[in-house]
Amino acid sequence: MTDIPTTPHVAPDHERVPRYEPTVIEPMWQQRWADARLYHTDLEDDARRRFYLLTMYPYPSGDLHIGHWYIKTPTDAIARFRRMNGDNVFFPIGFDAFGLPAENAAINSGVHPAEWTMRNIERMRTQLRSMGATFDWDSEVITCLPEYYRWNQWIFLRLLEAGLAYRRMAAVDWCPRDLVVLAREQVEGPDRVCWRCGTQVVKRDLEQWFFRITRYADELLDFDGLDWPEPVRAMQTNWIGRSEGAEVRFTTAPGAHHPGGATLTVFTTRPDTLFGATFMVLAPEHPLVATLTAPDRSSEVEAYVTQTRRRTEIERLDTGHEKTGVPIGAEAINPVNGERIPIWIADYVLSGYGTGAIMAVPAHDERDFAFAKRFGLPTRRVIAAPDDADDAPLAAAYVSKATTDRLVGSGPYTGLPVPEGSARIVADLVARDQGASSVTYRIRDWLVSRQRAWGTPIPVVYCAGSCGIVAIPEDQLPVLLPEDFQYRPEGGNPLEHTESFLRTTCPSCGGPARRETDTMDTFVDSSWYWWRYLAPHANEAAIDPELDTAWCPVDQYTGGAEHAVMHLLYSRFLCKALADLGVVREREPFRRLFNQGQILGSDGERMSKSRGNVQDPDELVSRYGADSVRLFLMFMGPWDQGGPWSPSGIEGVHRFLRRVWTVTLDPHGVEAGTGGGAPMGSTLDAERALRVAAHRALQGVTEDHAGFRWNTMVAKLMELTNSLMRHRGTPVAGTASWDEAIELLLLMLAPIAPHIAEELWSRRLEAAGVMARSIHTEAWPAFDADLVVADSMELPVQVNGKLRDLVPMAPGLDQAEVERLVLDRPKVQANLDGHTVVKIVHVGGRLVNIVIR
RNA sequence: GCGGGAGUGGUGGAAUGGCAGACACGCUGGCCUUAGGAGCCAGUGCCGCAAGGCGUGGGGGUUCGAAUCCCCCCUCCCGCACCA
């Protein structure tokens, strides 16, 4: 405990107690904290334990909304708590400053994206400061500045060298509204809409830059040692979509129009069903379709391929519609039994997954079953449950993978249990060079090209001579964005029309060359920004290796779950790639991740201007103060849950803070209209009760910090305040015990309601004539273990598990004494009447259960 | 369909094997006020005058004891979805 003397005797005259005016004290303290550089982190300090606390940096839209408060102010409470516990906390902030909204604003209003962005940043800095959060502004990162994006370019070149960045033609998703391609992760929902603007995307064939995230697919599935929420791990795992199975090589049978013998490889997760394959299906885009199609089938096949190409992806992926397809007039030979099966094409087989070809086993696959039924193709059962006959008829596909199932009608494998049969079939295929174990993933390489001007230029040129694609040498970075690009009414990428940018010389041959006009996906910027916070202005390197070693990985990251398969997956990928390149040390960027919930409007709907349910934080701050907003967001429920805004709820926490104010500054006050009702018992007993209340609160609050359980933490502080309020105006007020309780209350309040805690703390210091010092430099107190154990109690007594009585007794009695006291009670006796006591269960002095018959 | 999360008073929620409903909102009554959308006190799960009974989405089970653990089912939210 500290050495603060007893409560100054403020006159119990209400007029003498100043009002709680958060709008006056909050800006004042924010200024003083900034002047004192209270939250600048000395990154070189290795005397204290380091704690890197990161919260997702905002996009500078120009307006901070309540969601920013919901993630950032509790994160600030973590920072403040850890500092009080002696940690050297690094809690930086910056801006994700490239991106489309700035360009859209430029197109609409003519203001340059850089100007729009920097103006918004200026405004948002003020708003962020109004939270009273302890951001270290000295480390601010702004991604649209050359001192940042030149290192995006440097990273790009390293990836290019390592073969982790490449360019290829691909059918990509194009947003017709934003006029950009999108990464697969950025196309959402069954309607295939742009993640940013909600417009339905279309397919286009374009040359694009990719990052080879697929190389890390397996490693990205490993979350070992990471403390991450289950939903995000599940989403990433799902997204990566690892499937184990086998590739099986079929061959084509000779036909009138082709000699046969071509290899057709299929991927299957069910090699155990190979004997049940009754036909084969190729994706309409499969390269062998043209050569295998029989002449008399070609017009129908071509028509189907054309139709497929014309159909939108939505139609094609709609699982509801009836399956379509056509036979191509060729046959494949099943490698296990030499059987000839017909080859079809159908759009339910996707060219981009597996080998773009499947063996169809209608008996054991729902889709194949539906297809076979539609076109009258045969169905052959090859798997049976233990109780089924070998030829039990199938009303639907039997897709069970029960290990007790066995193979039937499968030649030499008949009778084997499924797992063994599967393994034997694959082993035999491998031995005969007709197949191999295989793993397939659903994740695709990360498409990073964007046809936009407000982003990091991709640092390559196209040589007009014979050099081809040439990387800009490292010492010529950054490739600066031109300042004079102009938006054109017809849209498109202005860089394509900016001659000063476009025309350059080839670094290889010195001849004329054209610059790449694609810029990078802004998710590249956000995939490594936390390293840059450590040395935002360093000219020598993107990442300082010593600071990386000292501070990374990030200890705690907080932000929304909406980036589960975008930002959070890209960041893990880039970390692993940079580790392989020797740029950073660790292979995972964020040790512990927390996703807050979403704040809804008071109508329970998503906040939106059109619904008119938006809560403007600035307005709330000017009405209630930042501390009340912070506290309400923490009090409304578990942090990961979010929920609707409640206008009366914030009144409730504001009322609580006023009570804290009153009880601290006016301990002897008595409310008009009450008798000043002194609680029962002696002052000594009351003092002890108050100390017990304070130390129990401290114990609970300390525990709640570990799990970010803000709601119960605030509840405990309310309880303590209620206890103090009950003793206000009694002889207990102003005693040493009272002062201890007040002091603990303020210290516990400091991380979550930093302004009022600081103000009340300073007033107490001043009144006591002690030199001023910030409550935020105080140590987190330790609770007194003797006080938190009960010294008297009411023992709950159950009869057959139902509560029947509460028996007052001293703790520490032995079981015989407890039983005597309990069995003496009339209420207990009444319940035992006419029954036999079978046994009495004692639960560690906390409860007794009498079992009767 | 697959994966994940959740279901408790009028409301937000608390309790993760041991007194269900902490804390707060709202509501009711009272006090005090020139007044108050301020402050203070008391009450508030449901049924019942009471004694008492019932009660954590539904059903079953394990246990001396279940909101909590197990099995089956229902509902809602999120993500993925013809991925072979």
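Atom set for the values below is all heavy atoms of this structure, side chains included, hydrogens, waters and symmetry mates excluded. Every chain is numbered from 1 and lettered A, B, ... according to where its sequence line falls, protein lines coming before strand lines.
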Looking at every strand, decide which applies to [X] at a 4.0 Å heavy-atom threshold: base, sugar-phosphate, or nothing.
X      : result
A/R658 : sugar-phosphate
A/N722 : sugar-phosphate
A/A234 : sugar-phosphate
A/R242 : nothing
A/L795 : nothing
A/T440 : nothing
A/E230 : sugar-phosphate

Phosphate OP1/OP2 of [N] contacted by [X] side-chain N/O (<4.0 Å):
X      : N     : answer
A/Y353 : B/A84 : yes
A/T712 : B/A22 : no
A/R19  : B/A38 : no
A/N711 : B/A14 : yes
A/R659 : B/C23 : no
A/R655 : B/G39 : yes

Minimum-distance nucleotide to [X] side chain [options: [options]]:
X      : options             : answer
A/M725 : B/A24, B/A81, B/C40 : B/C40
A/V841 : B/A84, B/C82, B/C64 : B/C64
A/Y348 : B/A84, B/C19, B/C82 : B/C82
A/E719 : B/C19, B/A22, B/A24 : B/A22
A/M718 : B/A24, B/G18, B/A20 : B/A24
A/R804 : B/G3, B/G53, B/C19  : B/G53

Measure from [atom1] on [X] to [atom2] on [N] and round the result to the nearest Å.
X      : N     : atom1 : atom2 : answer
A/K802 : B/G53 : NZ    : C1'   : 9 Å
A/L803 : B/A66 : CG    : P     : 13 Å
A/L724 : B/C23 : CG    : P     : 15 Å
A/W710 : B/A24 : CH2   : P     : 20 Å
A/K716 : B/A24 : NZ    : C1'   : 15 Å
A/M235 : B/C80 : CE    : P     : 8 Å
A/Y441 : B/A84 : OH    : P     : 13 Å

Handout entry: Close aromatic pair by centroid cut-off 6.0 Å: A/F656 and A/F635
Key = no
Handout entry: Derivation and outcome, ring pair (Phe, Tyr, Trp, His ring centres under 6.0 Å), residues A/W446 and A/F523
Key = CA-CA 10 Å; A/W446 173 15; A/F523 280 114; 7.4 Å; no
Problem - A/Y304 OH to A/Q307 CD distance, which is reported to the nearest 0.5 Å - result: 6.0 Å
Looking at every non-hydrogen atom in both residues, tell me the closest pair between [X] and [Y] and how far apart they are.
X      : Y      : value
A/I358 : A/M280 : O-CG, 3.1 Å
A/L795 : A/M809 : CD2-CE, 3.9 Å
A/Y353 : A/S243 : OH-OG, 3.4 Å
A/I650 : A/F632 : N-CD1, 3.7 Å

Handout entry: Steps toward ring pair (Phe, Tyr, Trp, His ring centres under 6.0 Å) verdict (A/F279, A/F375)
Key = CA-CA 11 Å; A/F279 57 102; A/F375 294 104; 8.9 Å; no
Handout entry: Near-strand residues of residues 639-652 of chain A, defined as heavy-atom separation under 4.0 angstrom from RNA chain B
Key =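 Going residue by residue through residues 639-652 of chain A, the ones with a heavy atom under 4.0 Å of RNA chain B turn out to be A/Q641, A/S648, A/G652.
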I'd like a list of close polar pairs between nucleotides 42-49 of chain B and the protein, N/O only, cut-off under 3.5 Å.
none

Practice task
Test the A/K323-A/Y348 pair against the cation-pi criterion, namely NZ or CZ under 6.0 angstrom from the six-membered ring centroid and within 45° of the ring axis.
Solution key: yes
Handout entry: A/R606, CZ: over 12 other non-hydrogen atoms inside 6.0 angstrom
Key = no
Practice task
Examine the base of B/C64 for any acceptor or donor lying under 3.5 Å from a partner atom in the side chain of A/N849, and report the outcome as yes or no.
Solution key: yes
Exercise for the section: May I ask you to verify whether the side chain of A/K323 and the base of B/C82 hold a donor-acceptor pair under 3.5 Å? Expected result: yes
Handout entry: A/D805 side-chain N/O to A/V797 backbone N/O, donor-acceptor pair under 3.5 Å
Key = no
Exercise for the section: Measure from the side-chain N and O atoms of A/Y624 to the backbone N and O of A/E619, and report whether any donor-acceptor pair falls under 3.5 Å. Expected result: no
Exercise for the section: Please measure how far the C1' atom in B/U8 lies from the corresponding atom in B/C40, and state the result in whole Å. Expected result: 32 Å
